[in-house]
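Input: a single structure, listed below in structure tokens.
Worth saying up front: this structure is predicted, and the values here are computed from it rather than measured.
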There are 2 protein chains.
Amino acid sequence: MNVVNESPRRKELTRLAAQLFVQEGFDRTTVRMLAQEMGIKSGSLFHHFRDKQEILAAVIEEGTQNALALARQALEECGDSAGERLHAMARAHLQTLLTDRNAHVVALYEWRRLDAASRDHLSHLRDAYEELWEQVIDEALAAGLIHGDRFLVSRFVMGALNWTVRWYDPEGARKPEDLAHELVAMITTSAHTPPGLSTKV
Amino acid sequence: MNVVNESPRRKELTRLAAQLFVQEGFDRTTVRMLAQEMGIKSGSLFHHFRDKQEILAAVIEEGTQNALALARQALEECGDSAGERLHAMARAHLQTLLTDRNAHVVALYEWRRLDAASRDHLSHLRDAYEELWEQVIDEALAAGLIHGDRFLVSRFVMGALNWTVRWYDPEGARKPEDLAHELVAMITTSAHTPPGLSTKV
DNA sequence: AGATCAACCAAGCAAGCGCTAGTGTAAACC
DNA sequence: GGTTTACACTAGCGCTTGCTTGGTTGATCT
């Protein structure tokens, strides 16, 4: 069994699995459905993945890794001000939601279907991502950009952002950048941000 | 079959089902597990519910009805100011989350498992609830309490609130009222609300 | 030319699934 | 006092599930 490696074939199969998991849910997605979508027979599936659980873990890992990488890159590329960093994180979050939407929806909805081992491994990845957020929020609090309880504010923000997967329409008029701007405007105390973006210092 | 009525026995069974659906997920919860939890045999279950789907629908309906009733009551009992009404809605939302948590978690996570008929019926209920929110948010916008896009603000707020089911600990120090107050403080422009609540006019 | 190996297939097993059929029984009703 | 009703039981049908087994293929490497 070719279970360990990270072959391009496996990556493609993972992408297809994510799509089906979103459409049907993990439990209702049978290995036969997965195989058909992949153009192979159900038995062949277990050449690439040890079991069905491992497919789920692969899907979630893929999405979380991408989110983490994108957030780190965004923080490196943006300016030093608390406002800029807040914007950068919000933009990165919504951007990964667009490009890896299936994986993130699966991560949000099917997390509990992971076995203990995968859940443990993946929760470390997710914690790393959330720590980035809490750090940026701490900076915003220190800068007086936002006010309130550190813990609560970050939960509220994560909630507002993650909830977008339920209603955001990529075909619609609103760009992810617009959402990011609006969210930051909503939580910062600079009441009336003028229409012209004040992203630069 | 006693399928239609709303007997107290059926209500109790629904409550137990909600708990199991949260623990295991709808698909992984078998009718045999449900029956055991209820202290009857699996066959007897179908005396109370037409099929497994109907149990899910009953759980979600119960939670949504309660949320709607609580929100309406809260709006009637509170003052007329936009701030008070915003607070009242947030408090009611978090309160129903505490008392009917299982039902709401099921509603959020297992909505897609509903058949078309139930989904149609229940989405009307949910729409009624969300309309209450959008109305109150409109008032807050008009009063200058908050700023931004009507649609986006309400989605962000719903997201922040609904996300609480993932982290809120009823045993913890924070009361639902505290969360409500903090959320309203975060999104309103009255930057520094003094510690003494300004709920009365 | 022979060996290796990832990738696939056909067939099927054991377990578990939702649900039905038919029956028993104690209380409620006429 | 006979009939109805509500609720529970036993037994099991027909089907689907995740996964295994044993074998084939074609490309790559030595």
Side-chain angles (χ1 to χ4, degrees), chain A residues 1-60 106 110-119, chain B residues 1-21 23-60 106 110 112-119:
Chain A
M1 297 196 184
N2 171 27
V3 147
V4 203
N5 75 1
E6 205 59 39
S7 68
R9 180 76 175 131
R10 186 177 145 123
K11 215 159 198 175
E12 170 67 6
L13 298 184
T14 303
R15 205 185 53 80
L16 288 169
Q19 190 185 342
L20 259 182
F21 287 163
V22 169
Q23 263 175 46
E24 306 287 331
F26 175 71
D27 289 322
R28 287 182 109 83
T29 304
T30 69
V31 294
R32 287 173 240 270
M33 292 165 66
L34 286 165
Q36 188 176 21
E37 195 75 11
M38 297 165 177
I40 58 180
K41 299 297 176 181
S42 71
S44 313
L45 218 159
F46 295 90
H47 171 74
H48 300 279
F49 303 92
R50 195 185 320 273
D51 53 24
K52 198 187 168 193
Q53 288 265 350
E54 195 177 87
I55 309 179
L56 177 62
V59 167
I60 296 183
V106 171
E110 314 286 1
W111 181 267
R112 310 212 20 228
R113 307 289 164 258
L114 290 167
D115 54 39
S118 301
R119 189 156 50 215
Chain B
M1 296 195 185
N2 170 24
V3 146
V4 203
N5 77 1
E6 204 62 40
S7 68
R9 179 82 173 124
R10 186 178 147 123
K11 218 160 197 176
E12 170 66 6
L13 299 182
T14 303
R15 205 185 55 79
L16 288 168
Q19 189 184 345
L20 259 181
F21 287 163
Q23 263 175 45
E24 305 287 332
F26 177 71
D27 289 321
R28 289 183 108 84
T29 303
T30 70
V31 292
R32 286 172 241 268
M33 293 165 65
L34 285 166
Q36 188 176 21
E37 195 77 10
M38 297 165 178
I40 57 178
K41 300 295 177 182
S42 70
S44 313
L45 217 157
F46 294 91
H47 171 73
H48 300 278
F49 303 93
R50 196 186 318 277
D51 52 24
K52 197 187 167 192
Q53 287 267 349
E54 195 177 86
I55 308 179
L56 178 61
V59 167
I60 296 183
V106 170
E110 314 287 359
R112 311 210 19 226
R113 306 289 164 259
L114 290 167
D115 55 40
S118 302
R119 190 156 49 216

Fill in the blank from the handout: Rounded to whole Å, the CZ-C1' distance (A:Arg9 to C:dA6) equals 12 Å
Exercise for the section: Applying side-chain contact (heavy atoms from CB on, under 4.5 Å), run through A:Val22 and A:Val106 and close with a yes or a no. Expected result: CA-CA 6 Å; A:Val22 169; A:Val106 171; 3.8 Å; yes
Practice task
Look at the side-chain N and O atoms of B:His48 and state whether any lies under 4.0 Å from the OP1 or OP2 oxygen of D:dA6.
Solution key: no
Practice task
Round to the nearest Å and state the distance from A:Asp27 atom CG to C:dG16 atom P.
Solution key: 16 Å
Practice task
Would you mind classifying the nucleic acid contact of A:Arg32 as base, sugar-phosphate or nothing, using non-hydrogen atoms under 4.0 angstrom?
Solution key: base
Problem - B:His47 side-chain N/O to D:dA8 phosphate OP1/OP2 under 4.0 Å - result: no
Exercise for the section: Taking only the side-chain heavy atoms of A:Phe46 (C-beta and beyond), determine which of C:dC8, D:dC19, C:dT20 contains the nearest atom. Expected result: D:dC19
Practice task
Using atom CZ of B:Arg10 as one end and atom C1' of D:dC7 as the other, report the distance to the nearest whole Å.
Solution key: 15 Å
Handout entry: Distance, rounded to the nearest Å, where A:Met38 contributes CE and C:dA7 contributes C1'
Key = 14 Å
Problem - Length of the line joining A:Asp51:CG and D:dT17:C1', which is rounded to integer Å - result: 14 Å
Problem - Rounded distance (Å) that lies between atom P of D:dC15 and atom CZ of A:Arg28 - result: 18 Å
Handout entry: Sugar-phosphate only, base, or nothing, as touched by B:Lys41 at under 4.0 Å among non-hydrogen atoms
Key = base
Exercise for the section: Would you kindly give the NZ-to-P distance between A:Lys11 and C:dA6, to the nearest whole Å? Expected result: 19 Å
Handout entry: Minimum-distance nucleotide to B:Lys52 side chain [options: D:dA6, C:dG18, D:dC19]
Key = C:dG18
Exercise for the section: Please determine if B:Glu37 and B:Arg32 form a salt bridge, counting it only when a charged side-chain N lies under 4.0 Å from a carboxylate O. Expected result: no
Handout entry: Partner residues of B:Arg9 under the side-chain contact (heavy atoms from CB on, under 4.5 Å) criterion, sequence neighbours left out
Key = B:Ser7, B:Leu13, B:Ile40, B:His48
Handout entry: A:Ser44 vs C:dA7: side-chain N/O to OP1/OP2 distance below 4.0 Å
Key = no
Completion exercise
Of D:dA8, D:dC19, C:dC19, the nucleotide closest to the side chain of B:Ile40 is D:dA8
Practice task
Would you check if the side chain of A:Lys52 reaches a backbone N or O of A:Phe26 as a donor-acceptor pair within less than 3.5 Å?
Solution key: yes
Practice task
Return the set of residues passing side-chain contact (heavy atoms from CB on, under 4.5 Å) with A:Gln19 (not counting sequence neighbours), or none when no residue passes.
Solution key: A:Leu16, A:Gln23, A:Asn102
Completion exercise
The nucleotide from D:dG18, C:dT20, C:dC17 with an atom nearest the side chain of B:Thr30 is C:dC17
Exercise for the section: Quickly work out the B:Ile55 CD1 to C:dG18 C1' distance and round it to whole Å. Expected result: 11 Å
